[in-house]
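Values below: every heavy atom of this structure, side chains too, minus hydrogens, waters and symmetry copies. Numbered from 1 within each chain, the chains take letters A, B, ... in sequence-line order.
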There are 2 protein chains.
Amino acid sequence: MNEPLERLVEQFRRLPGVGVKTARRLAYFILEEPQADVDAFVRAITEAKAQVRHCSICHNLSTQDPCEVCRDGKRDGTTILVVETPADVQALERCRGYRGLYHVLHGVLSPLDGVGPEQLQIRSLLERLRDNTVQEIILATDPDAEGEATALYLANLLRPIGLKVTRIARGLPAGGDIGFVDDVTLAGAITHRQEMGGN
Amino acid sequence: MNEPLERLVEQFRRLPGVGVKTARRLAYFILEEPQADVDAFVRAITEAKAQVRHCSICHNLSTQDPCEVCRDGKRDGTTILVVETPADVQALERCRGYRGLYHVLHGVLSPLDGVGPEQLQIRSLLERLRDNTVQEIILATDPDAEGEATALYLANLLRPIGLKVTRIARGLPAGGDIGFVDDVTLAGAITHRQEMGGN
């Protein structure tokens with residue numbers, strides 16, 4: 001009945017986490033917006049897509065190549081933290097708890113979805129280790145089944161090279177409530193308990 | 001740090017129901033998509049915005065003016081059903097329970113937000129009544145405080161003209177459970193109880 005509207009709804013439905021009702025709401029919102037706002041939205045999409053590229057070293061998203069982190073001489077070049085996605089890098093940069101370099105895998109091992117080591121940025125990670133500058137690899141894939149399997153695969157691949165391979169800590173989240181945290185997190189927090197230092 | 005990406009996140013945040021985390025997820029999704037898919041997305045937005053207009057009669061969204069419903073000679077021209085938004089028209093057309101015409105107010109009365117009768121398509125509704133074809137107005141604004149207030153305002157405005165003014169029914173939703181339905185709906189369903197015909 002209204003083809004351009006239906007096509008727009010279909011396009012919004014392709015976005016992650018957007019069902020048909022949300023897609024309709026978004027489409028109507030766009031159609032009721034002033035033309036200038038719609039133009040700004042379209043321009044933001046087009047420009048971001050045109051200007052943002054993968055860094056050829058760490059494969060994070062950046063407008064520059066190498067990216068800001070890889071070019072920053074003040075970062076600790078002896079440590080590479082391995083994550084699944086560019087969003088993970090952004091979260092880690094926001095928390096300001098890390099001053100080394102990154103490597104973005106762009107996914108996790110997932111045999112059922114046809115994602116093997118060749119589909120991830122693993123070969124490029126190995127290439128970065130060739131000049132022996134890097135001494136520690138921190139595996140920071142997500143603490144779920146696929147993230148753990150990917151971390152295990154990488155640990156087995158990297159340890160024989162003689163590198164220190166660590167896994168980002170699991171445990172209770174800050175501000176968490178032991179009475180309400182899920183079982184897996186709680187059991188893991190006990191398994192990975194750490195000795196307290198005195199003072 | 002990554003301006004085009006941040007601008008895109010900001011643009012997604014303007015959409016209704018999209019918080020900062022969802023906006024980031026959507027922005028990363030777009031950046032990781034093939035260029036052809038991003039082009040299709042942008043084209044759908046641009047074309048829908050360019051081609052979809054308000055019908056000059058009922059003010060619903062349409063690629064044609066007058067819209068398909070207003071031009072359809074088989075629709076019952078003696079009845080106008082008044083709704084808040086174009087999405088409401090779409091929902092009503094989908095349920096196939098109505099064969100008359102529509103009128104889209106494009107909002108509800110909301111004095112606190114500065115929305116009075118002049119900001120809604122009320123004057124254009126009155127103009128449609130001039131030739132005395134219309135005999136019934138069905139008020140189908142939402143069953144919330146503002147929707148009820150708008151329905152009451154329109155009823156008081158339209159009844160003196162000598163029109164039949166009705167309100168869409170409130171009651172238990174199909175498949176609802178009396179034990180779990182909210183109090184207002186339940187009380188309303190008793191107040192608006194209807195006599196059952198025998199057979």
Side-chain angles (χ1 to χ4, degrees), chain A residues 1-12 14-18 21-22 24-35 37-54 60-64 67-69 72 85-91 93-94 104 106-107, chain B residues 1-12 14-18 21-22 24-35 37-54 60-64 67-69 72 85-91 93-94 104 106-107:
Chain A
M1 166 173 156
N2 193 326
E3 273 189 48
L5 174 60
E6 287 308 316
R7 269 200 299 272
L8 183 55
V9 172
E10 278 310 303
Q11 283 292 326
F12 273 118
R14 290 191 314 106
L15 300 178
V18 176
K21 287 198 179 182
T22 304
R24 278 206 201 102
R25 194 173 66 228
L26 295 176
Y28 281 117
F29 177 83
I30 290 286
L31 292 180
E32 299 285 0
E33 270 196 321
Q35 184 68 48
D37 290 356
V38 176
D39 291 344
F41 183 48
V42 165
R43 208 181 317 120
I45 295 170
T46 310
E47 289 183 0
K49 186 65 187 170
Q51 293 171 21
V52 179
R53 292 268 168 271
H54 286 186
N60 189 20
L61 295 174
S62 174
T63 51
Q64 300 171 316
C67 71
E68 295 85 346
V69 173
D72 185 348
T85 69
D88 298 334
V89 174
Q90 203 182 31
E93 284 297 284
R94 240 178 296 133
V104 181
H106 286 277
Chain B
M1 168 172 154
N2 193 328
E3 274 189 48
L5 174 59
E6 288 307 317
R7 270 199 299 272
L8 182 55
V9 172
E10 279 310 304
Q11 285 291 327
F12 272 119
R14 291 190 312 105
L15 300 178
V18 175
K21 286 197 179 182
T22 304
R24 278 207 200 100
R25 194 174 64 227
L26 295 177
Y28 281 116
F29 177 83
I30 291 287
L31 292 178
E32 299 286 359
E33 270 195 320
Q35 184 69 47
D37 290 356
V38 177
D39 292 344
F41 183 48
V42 165
R43 208 179 318 120
I45 296 170
T46 310
E47 289 183 1
K49 186 67 187 167
Q51 295 171 19
V52 179
R53 292 269 167 272
H54 286 185
N60 189 19
L61 295 174
S62 175
T63 51
Q64 300 172 314
C67 72
E68 294 84 348
V69 173
D72 185 348
T85 68
D88 298 334
V89 174
Q90 204 183 32
E93 283 297 286
R94 240 178 297 132
V104 182
H106 285 277

Heavy-atom pairs under 4.5 Å with chain B are the metric here; pick the option from [options] that has the most.
options	result
A/Val42, A/Ile45, A/Thr22	A/Ile45
A/Pro16, A/Ala44, A/Ala50	A/Pro16
A/Glu32, A/Arg53, A/Arg25	A/Glu32

>> Here's a test for you: under side chain to side chain contact (heavy atoms under 4.5 Å, CB included), which of B/Val9, B/Leu5, B/Leu8 qualifies with B/Tyr28?
In response: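 Passing option: B/Leu5.
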> What pair of heavy atoms forms the shortest contact from B/His54 to B/Leu61, and how long is it?
Replying inline: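 Closest approach of B/His54 to B/Leu61: CD2-CD2, 3.2 Å.
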>> I'd like to know which of B/Gln90, B/Gln51, B/His106 tops the heavy-atom pair count under 4.5 Å against chain A.
In response: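 Top option by heavy-atom pairs under 4.5 Å: B/Gln90.
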> With a 4.5 angstrom heavy-atom cut-off, which part of B/Arg7 approaches chain A: side chain, backbone, both or neither?
Replying inline: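 Both parts, backbone and side chain.
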>> Restricting to ring pair (Phe, Tyr, Trp, His ring centres under 6.0 Å), what partner residues turn up for B/Phe29, sequence neighbours left out?
In response: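 Residues passing ring pair (Phe, Tyr, Trp, His ring centres under 6.0 Å) with B/Phe29: none at all.
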> Can you list every pair that meets side chain to side chain donor-acceptor pair (under 3.5 Å) and has a residue in residues 38-47 of chain A, with sequence neighbours left out?
Replying inline: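 For residues 38-47 of chain A, and leaving out neighbouring residues, the side chain to side chain donor-acceptor pair (under 3.5 Å) pairs sorted by first residue read A/Gln35-A/Asp39.
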>> Under 4.5 Å from any heavy atom of chain B, what part of A/Glu33 do you find: side chain, backbone, both or neither?
In response: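 The answer is both parts of A/Glu33.
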>> Closer than 3.5 angstrom, by distance alone: can the side chain of A/Asp37 be matched with the main-chain N or O of A/Pro34 as a donor-acceptor pair?
In response: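 No; judged by distance alone, with no hydrogens or angles, the pair does not exist.
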